[in-house]
Protein chains: 2
Amino acid sequence: MDPHLLTTFVTVARHGSFSAAAAELGYTQSAVSQQIAALEADLGLALLGRRPVKPTAAGRRLLEHAGPLLLRLRAARADVLRAAAVPGHRLRLAATPLALNPVLAMRLARARAAQPRLEVTLHTRGAQEVAAMVAGGEADLGLADGIVAPSDPLRLPDTGPITTVGVTEEELVVALEAGHPLAGRASLRLADLVDARWLQTPLCPLTRLRDLVGEGFPVALDYRGDDVRTVANLVAAGHGLTLLPASALPPTPTAMAARGVPLGAPRLVHRVELLHGALPPGPAADLAHALSG
Amino acid sequence: MDPHLLTTFVTVARHGSFSAAAAELGYTQSAVSQQIAALEADLGLALLGRRPVKPTAAGRRLLEHAGPLLLRLRAARADVLRAAAVPGHRLRLAATPLALNPVLAMRLARARAAQPRLEVTLHTRGAQEVAAMVAGGEADLGLADGIVAPSDPLRLPDTGPITTVGVTEEELVVALEAGHPLAGRASLRLADLVDARWLQTPLCPLTRLRDLVGEGFPVALDYRGDDVRTVANLVAAGHGLTLLPASALPPTPTAMAARGVPLGAPRLVHRVELLHGALPPGPAADLAHALSG
DNA sequence: GCTAGTTACGGCGTCCGTAAGGATC
DNA sequence: GATCCTTACGGACGCCGTAACTAGC
């Protein structure tokens, strides 16, 4: 159960190929084969079926543990190093596409104005990756967003010892094309839209809506990307509906733009949370404070 | 950050000595010294001060991560092996001293009567150890107890992927000596007892009461053991008060025995939870079902 | 000078790479 | 027969033990 072997194992499982994993990890096929053999010998179990290379039942079980385990290992290392590091003036942020909303962008700007020497780099990633980057020390601060009932916390995957604090909550709107029959309404009830045509996007996964409201929400178009403007254009062209924070749509819609109709019921908000590890006094802690408002 | 080195590190930190850790781990002093040196070199930080051997700030931080990390590693291994193991007729239970109350003892007896070939071994341990044994696969089922508001879950330390289900909740009594001025009351309010003389015991840690009610609960005697009868005898002899599940005191008190006065307020119960990992069909699953009632 | 951790050095085991060997499509 | 994993073998490195060294009490 050497982490080294575990890493190789998850890589092989992910690629479904020893040789591809070897290429990614910088080993030879042979080394990977030996590592898997060693892991299987250690546990006394077959973890992978060969030809095709596919996890066995035991292998799938181990895979469920291996990811979080390796993440926690990196997180521990990062945390110890972070606590001992001298705070520099380089800050690495990671945020989901909708997390850096106007309010937070403004707070970030104010914080930077107060500390002109601060160098900031920002990465856009998925929520899980943001959490993993913060836990693993690749980012100092993370921002993740999601749709929840007011003042409920986001349900982020467990990625180890991370602190999360809510920073903003914003009204949600149903985004639909300008000519849509419902576009003129003052507000909409989600329950009335279970049979509408919906966009499946990472920004508003329909599984989340089903969790909150129940079955329904058929997929009219599945967008596998994270560009908000693309989503807005898809909506405007009538490909389907989606839920967005009000600030993600232009305030004065043109003829070609998507309309946002406030979501009346259920009471849901777009929540953004700040993620961080231990914060020794320094620019990271200052910025965390600034972003929290 | 090899788990091997981590294990050595926590052992050294626990003993405050390289040589003692070496003896426990079956290494030479020299090997331990080299392992710690390797870990410190890997992180680029001093983890232990020498003479006396004591963790540095970074070392303390690493210690906080190392324990859970190593536990999860063992837990992952145990889980994979457990899922693949053929169910035998040997069952290992671990329980806190107050967890195997009369109700559960009876359920266990019924389950054993139904499966006469079942061999059961039972260990009494602290709650954290019970959880660790279950997570690490050293026990098939665990029982842990604690004091909570009705139907609240116990707050067990995070010991990895473990399932917990409540199995019993029982009335709590204030245990006090027969001649105590309050012994005749029909019920007592905990808030009125914040200034009484209390026993500090692992069975009813006063910190828990302070969590629930607030400051107070001075320590009159600190018992570092887990024997319920000893606690009852201490109470009977007037060393102090404690909280016990009603079933832990004899139902018809003699002159020398401790009295139990029902706890009227706040509404608290003695809750027992069953802990287990993944349960493939077999005796362990059957017993878990039997214990759940 | 005694106790306890560190450093030097040598042997053994581990792990990887090269290359040949099978198994499956 | 091509692809892909496994096995055999050799070299390098890592890790531990013995033993000499050193720092505090």
Side-chain angles (χ1 to χ4, degrees), chain A residues 1-60 62-63 66 69-70 73-74 76-77 80, chain B residues 1-60 62-63 66 69-70 73-74 76-77 80:
Chain A
M1 296 275 303
D2 181 347
H4 203 190
L5 302 184
L6 245 36
T7 306
T8 301
F9 173 61
V10 300
T11 309
V12 169
R14 178 157 40 87
H15 283 91
S17 154
F18 282 49
S19 13
E24 175 177 329
L25 297 170
Y27 289 121
T28 58
Q29 247 173 5
S30 168
V32 170
S33 180
Q34 292 177 61
Q35 290 184 14
I36 300 298
L39 193 57
E40 291 184 325
D42 174 38
L43 291 170
L45 297 168
L47 296 173
L48 292 168
R50 320 295 154 96
R51 212 173 305 267
V53 174
K54 186 169 157 311
T56 64
R60 285 193 297 276
L62 183 57
L63 276 177
L69 212 46
L70 293 170
L73 204 61
R74 273 179 301 159
R77 185 188 179 82
V80 171
Chain B
M1 295 274 304
D2 182 347
H4 204 191
L5 303 184
L6 245 37
T7 305
T8 301
F9 173 61
V10 299
T11 308
V12 170
R14 177 156 42 85
H15 283 91
S17 153
F18 282 49
S19 13
E24 176 177 328
L25 297 170
Y27 289 121
T28 57
Q29 248 174 4
S30 168
V32 170
S33 180
Q34 291 178 60
Q35 289 184 16
I36 299 299
L39 193 57
E40 291 185 326
D42 174 38
L43 292 169
L45 296 168
L47 296 173
L48 292 168
R50 320 294 153 99
R51 212 173 305 267
V53 173
K54 185 169 160 306
T56 63
R60 284 193 298 274
L62 183 57
L63 275 177
L69 212 46
L70 292 171
L73 203 62
R74 273 179 302 159
R77 183 188 181 83
V80 172

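All values reported here derive from a predicted model rather than from experimental measurement. In what follows, chains are A, B, ... by sequence order, proteins preceding strands, each numbered from 1.
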B:S19 vs C:dG5: side-chain N/O to OP1/OP2 distance below 4.0 Å: yes
What is the distance from CG of B:L39 to P of D:dC15, rounded to the nearest Å? 12 Å
Of all the choices, D:dC16, C:dG5, C:dC16, which nucleotide is nearest to the side chain of B:Y27 once you look at every atom? D:dC16
In whole angstroms, the gap separating P of D:dT7 from CD of A:Q29 amounts to 14 Å
Supply the atom-to-atom distance B:R77 CZ to A:L69 CG, rounded to the nearest 0.5 angstrom. 12.5 Å
Mind calculating the distance between CD1 (A:I36) and P (D:dT7) to the nearest angstrom? 13 Å
Applying a 4.0 Å non-hydrogen cut-off, can you work out what B:Q35 is touching in the nucleic acid: base, sugar-phosphate, or nothing? sugar-phosphate
D:dC15 P sits how many Å from B:D42 CG, rounded? 11 Å
Of the listed C:dC16, C:dG5, D:dC16, the closest approach to the B:A31 side chain comes from D:dC16
Suppose we call a contact any N or O donor and acceptor under 3.5 Å apart; does that hold for the side chain of A:S30 and the base of D:dT7? yes
Sugar-phosphate, base or nothing in reach of A:G49, heavy atoms under 4.0 Å: nothing
Do B:Q34 side-chain and D:dG14 base share a donor-acceptor contact under 3.5 Å? no
Test B:L63 against every option in B:L6, B:L47, B:V10 by the side-chain contact (heavy atoms from CB on, under 4.5 Å) rule and name the one that passes. B:V10
Whole-Å distance, A:F18 CZ to C:dC16 C1', equals 16 Å
Measure CG/B:D2 against C1'/C:dT14 and give the value in whole Å, please. 13 Å
If you define the side chain from C-beta out and look only at heavy atoms, does anything of B:Q34 sit under 4.5 Å from B:S30? yes
Does A:T28 contact C:dT18 through a side-chain donor or acceptor facing the base, at a distance under 3.5 Å? no
Can you check whether B:Q35 reaches B:D2 side chain to side chain, under 4.5 Å on heavy atoms? no
Grab the NE2-P distance between B:H15 and C:dT3 for me, whole Å please. 19 Å
Reckon B:V53 touches a base, only the sugar-phosphate, or nothing at all at heavy-atom distances under 4.0 Å? sugar-phosphate
Under 6.0 Å between the ring centres of A:Y27 and A:H4? yes
